[in-house]
Amino acid sequence: MDQSVFERYAAHRWGRGMLGLCDNGDLGLIDPARPEAPPRSLPHLLDNLHARGIDTPLILRVGAFLRRSLDNLNGAFARAIDAAGYQGVYRGVFPIKVNQQAGVVDRIIEHGRQWCFGLEAGSKPELILALSRNLPEGALLICNGIKDAEYVRLGILARKAGIDCVLVIESPGELDTVIAEARKLKEKPLLGVRIKLTRRVSGNWADSSGDRSTFGLTTKEVVDMLATLRAHDMLDCLRLQHSHLGSQVPQIMDIRQAVDEACRFFTELRRLGAPLDYLDLGGGLGIDYTGEARATDNSMNYTLDEYCTNIVETVGYAMDEAGQPHPTLVTESGRAIVAHSSILISDILEASYFDRSEPVAPEADDHHMLADMAAITGYLTPRRVQECLNDAEYYREELRALFRRGVIDIEQVARAEQIFLYVVGRIKEVVAQAGTVPPEVQDELNEHRDIYRVNFSLFQSLPDVWAIDQVLPIAPLQRLDEPPTRRAVLSDITCDSDGKIAQFVLDDGIDNALPVHELRPAERYYIGVFLVGAYQETLGDLHNLFGDTNVVTVDFNAEGELELQHEVEGDTVAEVLAAVEYEPRQCLDAFKGIVERAVRTGRINPRQRRILMNTYREAMGGYTYYEHLREEEAHG
Ligand SMILES: Cc1ncc(COP(=O)(O)O)c(C=O)c1O
């Protein structure tokens, strides 16, 4: 099977063995338990879902991929601990904020039970959620974030109830609250302290690190905290030290040096009498979104094994040097656990092609510049592409100016646009055949990339692409046995010009156009956005009132087939209206009043009123996204 189109999207690199090419050219999922088995086709799965009435856009969660990430993380720490002769154990926690959905959190707890995997709460609501989840005995519940008295009280009493709730002190004021509540309840809490490392990291989250980071205590505050705890006979409560470098750390050197610094704090705090036994190194383990294995914002220059080995060895050496016992290692990896397990899938609704393959002839009495523009293809050679592009753009501008001044009519402008698109099409062809193109020509041609409109909202489903220029791997899900002949940017269905994607991971780097196939009439063309399990669902918003998409959880069954496990229907229009303070019932009644008035004044007849009200009512209860006509509707 020719893998070249599959590899064009670098799917063999960022897909980490999860994706493969099916015999019919479909993109398929590989069962981690049977890596040699043929991949299971995604378009085939989508057809099955469609037949059940579950349509795109949807988030596909793959249970096996979530379990695999947990296995990988815990397995890599276990191997590193073993290899280094480290005396402590690893106890990971999952930061709820990275993906708070019950279908994700509960699966992590369930599968993580074997390693006493715990949770990290970054707020009171997250703590309330975590307390209800029946964590395994011995698992940690790390409480970060700003804490009021109620948050602290919950943490102290939950510990009494047998849950290992660690209240991490993030500011001096929080310490006062903790001491006051502990006194009132006459209970001793499990405490942690968040230290501010001086080490700054590179990457998108550089600001979370270093002296100026907003969270954690300064060295002076930490020393004062110890004195205060001692004065209140609570120093024995301080069991954990926490630090967090920032998310998606691209450089392994940054991680190693930060761990080294954290160890210095740790051994010093122990020397001052704090009975610390947990060293929590926060999140930051990266995802190689581009598959390039480089220290860039969307990639990383280390492997999971390297990450774990670096941590284990650095902590081991530091403790041995200080003559102290090896602590339990804790990390709060979020991204690394969930990113791979979710795929956003949608279909292309329409394409705007910025060229045409059929020539258009000017008419006899057209302005001569139409014929001049059409003549460009006569002198188009690889050496003259820049000149041809300049000429085409010149004539187009001039003809537009003539139209504005009333010299030529609308039909001539329409013909001129078609001639221009034909010339651009030929220039693209010559450039593609020539292989290399001067950057200025490529920049100009980029202005003429196709636009493929995808049925989704960037703001709801991929907010980081909009907010922080996150690059996520994207690929068509079918026809990968056929060379893609078009280059497109993807535009969403919000009426916002920011709602587009113009950075794509390809085998030779990041490109500003995605190679795609020409659409075929009456045939769905699906696009998958991969590695979207972290932060995207959580941060999405209701821009243009596009709500949550459908979410479907699948898993491989005993025969290795993909099986539907769970479905959460996306928001209805009524639900998003309610979320922005409109009462759907009241909207319906108000609209009914308006329509009734129109009947009274004879603008519409009663039958039209019935159709209008039925359509309104049905749309109110329906999906917020573009809905394809169902088979029953299509056939009347
Ligand atoms: C305190 C804390 N822990 C853990 C994480 C998760 O980080 P990541 O998803 O990079 O593993 C974050 C996110 O930035 C965080 O703020």
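As the structure is a computational prediction, the values presented were derived from the model and not from experiment.
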Self-check item: Taking every non-hydrogen atom, the tightest pair across C237 and K188
Solution: SG-CD, 3.8 Å
Practice problem: Verify the distance criterion only: is there a donor paired with an acceptor across the side chains of E120 and N144 at less than 3.5 Å? | Solution: yes
Quiz prompt | Distance-only polar pair, side chains of D260 and T314, donor-acceptor under 3.5 Å | solution = no
Quiz item: Partners of E150 by side chain to side chain donor-acceptor pair (under 3.5 Å), sequence neighbours excluded?
Solution: K124
Side-chain donor-acceptor contacts of residues 77-87 below 3.5 Å, not counting sequence neighbours, with atom names and distances?
unit_1: R79; atom_1: NH2; unit_2: D305; atom_2: OD1; d: 2.9
unit_1: Y86; atom_1: OH; unit_2: P327; atom_2: O; d: 2.6
unit_1: Q87; atom_1: NE2; unit_2: G85; atom_2: O; d: 2.9

Exercise. Tell me yes or no: between the side chains of E567 and N550, is some donor less than 3.5 Å from an acceptor?
Key: no
Quiz item: Strictly under 6.0 Å, is that where the ring centroids of F459 and W466 end up?
Solution: yes
Exercise. Determine whether the side chains of R335 and S247 contain a donor N or O and an acceptor N or O closer than 3.5 Å.
Key: yes
Quiz prompt | side chain to side chain donor-acceptor pair (under 3.5 Å) against T494, all qualifying residues, sequence neighbours excluded | solution = D492
Quiz prompt | All pairs passing salt bridge (charged side-chain N to carboxylate O under 4.0 Å, His left out) where residues 572-581 contributes a residue, at least two apart | solution = none
Quiz item: For the residue pair F456 and S461, what are the closest heavy atoms and their distance?
Solution: CD1-CB, 4.1 Å
Quiz item: Can H111 and D71 be counted as having a side-chain donor-acceptor contact under 3.5 angstrom?
Solution: yes
Quiz item: Hey, is the main chain of V471 close enough, under 3.5 Å, to the side chain of N298 for a donor-acceptor pair?
Solution: yes
Quiz item: Is it the case that H242 and E170 place a side-chain donor and acceptor less than 3.5 Å from each other?
Solution: no
Practice problem: Using side chain to side chain contact (heavy atoms under 4.5 Å, CB included) as the criterion, list what pairs up with R68, not counting sequence neighbours. | Solution: R16, M18, P32, N72
Quiz item: Side-chain contact, heavy-atom cut-off 4.5 Å: L140 with V330?
Solution: yes
Quiz item: What is the minimum heavy-atom distance between G621 and T572, and which atoms define it?
Solution: O-CG2, 3.2 Å
Exercise. Answer yes if the side chains of W115 and N74 hold a donor-acceptor pair under 3.5 Å, and no otherwise.
Key: no
Quiz item: Does any pair with a residue in residues 261-282 pass ring pair (Phe, Tyr, Trp, His ring centres under 6.0 Å), and if so which ones, sequence neighbours excluded?
Solution: none
Exercise. State the NZ-NZ distance between K184 and K186, to the nearest 0.5 angstrom.
Key: 11.5 Å
Quiz item: If you measure from the Lys or Arg side-chain nitrogens to the Asp or Glu carboxylate oxygens, is any gap between E268 and R271 under 4.0 Å?
Solution: yes
Self-check item: Distance-only donor-acceptor check, side chains D280 and Q241, under 3.5 Å
Solution: no
Quiz item: Has the side chain of R270 got a donor or acceptor atom that lies under 3.5 Å from a matching backbone atom of P325?
Solution: yes
Self-check item: Pairing residues for E563 by the side chain to side chain donor-acceptor pair (under 3.5 Å) criterion, not counting sequence neighbours
Solution: N557
Quiz item: Would a distance-only check, ignoring hydrogens and angles, find a side-chain to backbone donor-acceptor pair under 3.5 Å from E306 to T303?
Solution: yes
Quiz item: According to the salt bridge (charged side-chain N to carboxylate O under 4.0 Å, His left out) rule, which pairs have a member within residues 532-547, sequence neighbours left out?
Solution: R61-E537
Quiz item: What residue pairs, at least two apart or across chains, pass ring pair (Phe, Tyr, Trp, His ring centres under 6.0 Å) with a residue in residues 116-145?
Solution: none
Practice problem: For D555, enumerate each residue passing the salt bridge (charged side-chain N to carboxylate O under 4.0 Å, His left out) test, keeping only those at least two apart in sequence or located in another chain. | Solution: R67
Quiz item: Can you find a side-chain donor-acceptor pair between D320 and H326 that sits under 3.5 Å?
Solution: yes
Quiz item: With no hydrogens and no angle check, do the side chains of E261 and T198 hold a donor and an acceptor under 3.5 Å apart?
Solution: yes
Practice problem: Would you kindly say whether Y90 and T331 are connected by a side-chain donor-acceptor distance under 3.5 Å? | Solution: yes
Exercise. Mind jotting down which residue pairs meet the side chain to side chain donor-acceptor pair (under 3.5 Å) criterion with at least one end in residues 152-164? Sequence neighbours excluded, please.
Key: R153-E181
Self-check item: side chain to side chain donor-acceptor pair (under 3.5 Å) partners for R91, two or more places apart
Solution: none
